[in-house]
Amino acid sequence: SRVNLHEAGVPEHSTTFVSLPGCTTVTSHRIGRQEEYIAITSGSQHYGMGSETLDFSGNEIPGDYSACFTVDDHDIQHFVAVVHFYFTGLNLTAHPGEIIGVTGPVACGKSTFGRVFLCEAPYGGSARFGGKEFSTLTPRQISATVGYLGHDPELSADTVQNNVLCGSEQDAMPYLAAAALKDEVNAMENGLETVIGPSGARLSGGQAQRLALARTLAHPRPVLVLDDPFSALDRSTEDTVFADLQAYAKDKVVFLISHRLYHFPRMQKIIFMDGVKTTVGTHEKLMASAPVYRQLYESQTSQKEDETA
């Protein structure tokens, strides 16, 4: 089944405006992603703090949002929130077997994009899998559809094997091999039965990252979202893991979120996020039409050439 995104967008925060007689100052403070605290001053009178939660849990995000609530017993009418977005207007169709690269400058909304598929980030427009809107799926259906690896995955203070299998009855070694971790596990004092300590304290950063990846691969889903899975890996190990991922993904849609662009020329499509704007295309298209993408890619590849010169 395909993944279809049509005019997809995720709100970041809202700028608030209040119409109140004698009101001279209105300030807005964002708490988290959706909740706004409003401070209102009229002349020398400070009306204190109030709050209004913006709920965009449905499929459509309104262009404005009206509400009425009380700040220190003063009714405020004509409350309007103008929605700002992490990104908007994203259109993409992804087929099984495709690895879709997702990248952009720091804090552009890459991780937020990944959480759309878990319905942890309320979105506008449409995001569908097999014709079904993600926001209409139950938690059980989402869990059966999406495999997700966050950029800061948790590991349990258990054995290597139990961290990979999570109670399932299968061989952990093929998945450790796919994550380029098999040889290192075999070299550990107890192999698969080696206890890794709290949060993987006995592992290096790269080993912990690959163990979490092996766990994700061991529980296959038709849609796979990997958030920066190579950040702690050296280039050689990254090359190996990416090649294994290409073989693994032949019947899956994979969204690979990364700030490392070495393998982006080998991906079928790329989503480049810059501000609220999203551009979808091949590596060649983005090199020609997106100067910021070209600059990011060339800065990384030229650095690698300098290191090997």
Side-chain angles (χ1 to χ4, degrees), residues 1-10 59 87-104 108-121 123-138 140-150 174-175 178-179 213 216-230 238-239 241-258 260-273 277-290 293 297:
S1 296
R2 297 176 299 178
V3 174
N4 291 286
L5 303 174
H6 178 69
E7 294 298 320
V10 174
N59 291 338
F87 63 89
T88 187
L90 175 57
N91 293 286
L92 171 75
T93 298
H95 300 84
E98 291 185 335
I99 299 179
I100 311 298
V102 183
T103 194
C108 67
K110 297 186 293 294
S111 294
T112 300
F113 167 81
R115 297 204 309 275
V116 164
F117 300 100
L118 302 177
C119 293
E120 292 181 357
Y123 64 87
S126 177
R128 294 174 176 267
F129 174 73
K132 294 183 179 180
E133 195 72 37
F134 276 98
S135 62
T136 67
L137 301 180
T138 66
R140 183 181 294 273
Q141 289 173 320
I142 292 173
S143 179
T145 302
V146 182
Y148 179 82
L149 177 62
Y175 305 105
L213 176 60
T216 304
L217 300 181
H219 302 86
R221 300 291 187 269
V223 179
L224 189 61
V225 180
L226 306 177
D227 192 348
D228 223 5
F230 305 143
E238 181 181 345
D239 290 343
V241 174
F242 184 79
D244 292 338
L245 183 62
Q246 287 180 300
Y248 178 86
K250 289 190 180 300
D251 59 349
K252 303 171 182 64
V253 175
V254 178
F255 291 95
L256 178 58
I257 303 168
S258 182
R260 297 171 65 159
L261 308 182
Y262 305 121
H263 296 106
F264 273 51
R266 300 162 66 185
M267 298 183 189
Q268 286 75 17
K269 296 185 184 77
I270 297 167
I271 300 171
F272 180 61
M273 309 174 72
K277 180 182 178 182
T278 57
T279 305
V280 178
T282 62
H283 170 75
E284 291 75 16
K285 176 184 174 182
L286 292 177
M287 288 292 286
S289 63
Y293 176 84
Y297 179 76

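What you are looking at is a predicted structure, and each value in this text was computed from that prediction instead of being measured.
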Practice item. Apply the test side-chain contact (heavy atoms from CB on, under 4.5 Å) to residues Leu256 and Ile100: give CA-CA distance (whole Å), side-chain angles for both, the deciding distance (0.1 Å), then the verdict. Key: CA-CA 6 Å; Leu256 178 58; Ile100 311 298; over 6 Å; no
Practice item. Check the surroundings of atom NZ in Lys252: do more than 12 heavy atoms from other residues, nucleotides or ligands lie under 6.0 Å from it? Key: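 Correct, the count exceeds 12.
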**Study point:** Other residues, nucleotides, ligands: >12 heavy atoms within 6.0 Å of His219 NE2
**Key:**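 Yes - once you tally the heavy atoms of other residues, nucleotides and ligands closer than 6.0 Å, there are more than 12.
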Closest heavy-atom contact between [X] and [Y]?
{"X": "Glu133", "Y": "Ser126", "result": "OE1-OG, 2.9 Å"}
{"X": "Val241", "Y": "Ala179", "result": "CG2-O, 3.7 Å"}
{"X": "Gly114", "Y": "Val225", "result": "CA-CG1, 3.8 Å"}
{"X": "Val254", "Y": "Ala249", "result": "CG2-CB, 3.5 Å"}
{"X": "Pro222", "Y": "Ala144", "result": "CD-O, 3.6 Å"}
{"X": "Asp244", "Y": "Ala178", "result": "OD2-O, 3.1 Å"}

State which residues pass ring pair (Phe, Tyr, Trp, His ring centres under 6.0 Å) with [X]; sequence neighbours excluded, sorted by chain then number.
{"X": "Tyr297", "result": "His283"}
{"X": "Phe272", "result": "Tyr293"}
{"X": "Tyr175", "result": "none"}

What's the spacing between [X] [atom1] and [Y] [atom2] if we round to 0.5 Å?
{"X": "Phe134", "Y": "Asn4", "atom1": "CZ", "atom2": "CG", "result": "9.5 Å"}
{"X": "Thr279", "Y": "Leu286", "atom1": "OG1", "atom2": "CG", "result": "6.5 Å"}
{"X": "Thr93", "Y": "His95", "atom1": "OG1", "atom2": "NE2", "result": "6.0 Å"}
{"X": "Leu5", "Y": "Phe129", "atom1": "CG", "atom2": "CZ", "result": "12.5 Å"}
{"X": "Leu261", "Y": "Ile270", "atom1": "CG", "atom2": "CD1", "result": "8.0 Å"}

Please identify each residue that fulfils side-chain hydrogen bond (donor to acceptor under 3.5 Å, both in side chains) with [X], with sequence neighbours left out.
{"X": "Arg2", "answer": "none"}
{"X": "Glu120", "answer": "none"}
{"X": "Glu7", "answer": "Asn91"}
{"X": "Arg260", "answer": "Glu238"}

Practice item. Go through the structure and list residues passing salt bridge (charged side-chain N to carboxylate O under 4.0 Å, His left out) with Lys269, not counting sequence neighbours. Key: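 Here the qualifying residues are Glu98.
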Among residues at least two apart in sequence or on other chains, which ones pass side chain to side chain contact (heavy atoms under 4.5 Å, CB included) with [X]?
{"X": "Lys285", "answer": "Thr282, Ser289"}
{"X": "Gln141", "answer": "Leu137, Thr138"}
{"X": "Pro174", "answer": "Asp171"}
{"X": "Asp227", "answer": "Ser111, Tyr148, His151, Ile257"}

**Study point:** Pair Phe242-Phe230, side-chain contact (heavy atoms from CB on, under 4.5 Å): steps then yes or no
**Key:** CA-CA 9 Å; Phe242 184 79; Phe230 305 143; 4.3 Å; yes
Quick check against the 3.5 Å criterion: does [X] have a side-chain atom that pairs as donor or acceptor with the backbone of [Y]?
{"X": "Thr103", "Y": "Ser258", "answer": "yes"}
{"X": "Arg221", "Y": "Leu224", "answer": "no"}
{"X": "Lys110", "Y": "Gly104", "answer": "yes"}

Exercise for review: Side-chain contact test, heavy atoms from C-beta onward, threshold under 4.5 Å: evaluate it for Phe87 versus Ile271 and give yes or no.
Suggested key: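 A side-chain contact is absent here, since even the closest heavy-atom pair is not under 4.5 Å.
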Practice item. Apply side-chain contact (heavy atoms from CB on, under 4.5 Å) to the pair Phe117 and Val3, showing each step before the final yes or no. Key: CA-CA 10 Å; Phe117 300 100; Val3 174; 3.9 Å; yes
Review point. When Phe255 is tested against each of Val116, Leu92, Val146 for side-chain contact (heavy atoms from CB on, under 4.5 Å), which residue passes?
Key: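 Of the listed options, the one satisfying the test is Leu92.
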